[in-house]
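To start, the structure itself, in structure tokens.
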Amino acid sequence: VIAGHNEHVAWGFTALYGDVQDFYIENVQGDNYQAYDGQWHPLTIDHELIRVRGGRDVNYDVRLTDHGPLIDPIFTKDPRPIALKWSLYVSALNSIPIYAINTASNWTEFSAALKQWCWPTQNVVYADDQGHIGYHAVGRVPIRPGGISSIPIRDAKHEWQSYIPFDDLPNAFDPPSGFLATANSRVTSAKSPYPLTNEWADPYRAERIYKLLQGRDHLTPADLLAVQVQGEPHGRGHGQDRGERENRAEKQPRTADEAHRVAKAPSELLFSADVTPVFEQRLKAAKSNGGFSLAQRPKWTFDEGLGLRKL
């Protein structure tokens with residue numbers, strides 16, 4: 001069972017968006033490449049046979065540096081030799097402990113299983129028959145001394161040194177709020193010692209979930225179904241929900257701390273509202289054009305030390 005429950009515990013997943021890929025600009029001459037230590041090494045050649053249904057099979061040689069496969073034969077508009085480093089390619093990261101998760105009977109056993117999870121990076125929420133709830137981010141996220149780069153890398157400052165320790169990934173157990181929820185949005189503050197990614201989903205779904213659940217008890221399956229479809233419990237529909245979001249757009253919090261106060265989320269799962277201007281502009285576009293248009297959605301990036309900025 002990937003997500004579900006056994007006799008004692010239940011669990012679910014949402015995407016963490018941990019940055020586990022980097023592009024490196026390589027210095028390649030013939031079948032050799034220069035590593036960052038200045039030494040030249042022969043490229044590794046993997047001979048691949050691509051089966052083609054209804055046609056001839058294709059023999060393809062994949063050239064690799066110590067970072068990973070060179071992708072310039074695919075992205076031909078960029079003449080630079082660029083290698084892709086990805087945690088999926090690291091042979092030592094090969095554990096997805098589904099069986100251990102399925103047989104866990106409490107948080108101690110469940111979190112011990114999560115510690116072995118290598119990829120993909122996920123948010124995991126947990127509940128058991130003893131009344132406990134928990135959350136843990138999982139997956140091996142590399143530590144780069146130079147921080148996360150959103151562009152191809154030329155220097156040694158962004159070489160992977162190790163991975164964020166499991167206990168230092170965002171986590172919570174039995175928070176005072178009495179509930180936990182994730183919706184792909186930010187789960188760390190700007191002061192986190194370990195950045196997870198430069199890209200987070202818009203926070204409005206997480207805000208909505210916290211608003212619907214805050215201060216409530218004895219929830220029924222029907223109540224939770226209403227939350228899942230973003231409808232208001234007790235019969236209020238999507239139209240009113242959207243209108244309420246539009247009316248609140250001008251009052252959206254601008255910082256992670258403000259978002260924390262507005263949503264009253266547990267401090268262990270503080271999510272950022274740094275990206276709310278994105279949603280705000282989408283709302284304004286919807287008002288003027290009668291609907292949402294992804295083409296009108298502004299693009300943003302995250303600068304280390306500067307925060308979110310518009311491209």
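Everything numeric in this text was worked out from a predicted model, so none of it was measured. Each residue takes its place number in the sequence, starting with 1.
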Checklist entry - With side chains defined as the heavy atoms from C-beta onward, is the minimum distance between T182 and L16 less than 4.5 Å? => result no
Item to check | Partners meeting side chain to side chain donor-acceptor pair (under 3.5 Å) with D61 (sequence neighbours left out) | outcome: H47
Next on the checklist: What I'd like to find out is whether the side chain of T121 reaches to under 4.5 Å of the side chain of V141, using heavy atoms alone.
Outcome noted: yes
Checklist entry - Under the salt bridge (Lys or Arg N to Asp or Glu O under 4.0 Å) rule, what pairs show up with a residue in residues 154-167, not counting sequence neighbours? => result none
Item to check | Short side-chain donor-acceptor distance under 3.5 Å, N123 and Y135 | outcome: yes
Checklist entry - Which residue pairs satisfy the salt bridge (Lys or Arg N to Asp or Glu O under 4.0 Å) criterion with at least one member in residues 79-100, sequence neighbours excluded? => result D78-R80
Item to check | Considering all heavy atoms, the nearest G68-A83 contact | outcome: O-CB, 3.7 Å
Checklist outcome for this item: Residues passing the ring-ring contact (aromatic ring centres under 6.0 Å, His included) test with H67, sequence neighbours excluded, are Y24, Y36
Item to check | NZ/NE/NH1/NH2 to OD/OE distance under 4.0 Å, D46 and R63 | outcome: no
Checklist entry - Pairs in or reaching into residues 14-29: which pass salt bridge (Lys or Arg N to Asp or Glu O under 4.0 Å), with residues at least two apart or in two chains? => result D19-R144, D22-R144
Item to check | Residues that T103 engages under side chain to side chain donor-acceptor pair (under 3.5 Å), provided they are two or more places apart | outcome: none
Item to check | With Y89 via ring-ring contact (aromatic ring centres under 6.0 Å, His included) - residues at least two apart | outcome: W86
Item to check | Qualifying residues under ring-ring contact (aromatic ring centres under 6.0 Å, His included), relative to H5, sequence neighbours excluded | outcome: none
Item to check | salt bridge (charged side-chain N to carboxylate O under 4.0 Å, His left out) partners of R56, counting only residues at least two apart | outcome: none
Checklist entry - Any side-chain donor-acceptor pair under 3.5 Å between H132 and D174? => result yes
Checklist entry - Can you name the ring-ring contact (aromatic ring centres under 6.0 Å, His included) partners of Y126, sequence neighbours left out? => result W107, F110
Item to check | Members besides V62 in its Ile/Leu/Val/Met/Phe/Trp/Tyr cluster (side-chain heavy atoms under 4.5 Å) | outcome: I50, V52, V58, Y60, L64
Checklist entry - Which pairs with one or both residues in residues 138-169 pass ring pair (Phe, Tyr, Trp, His ring centres under 6.0 Å), sequence neighbours excluded? => result H136-F166
Next on the checklist: For a 4.5 angstrom cut-off between non-hydrogen side-chain atoms, does W119 reach V20?
Outcome noted: no
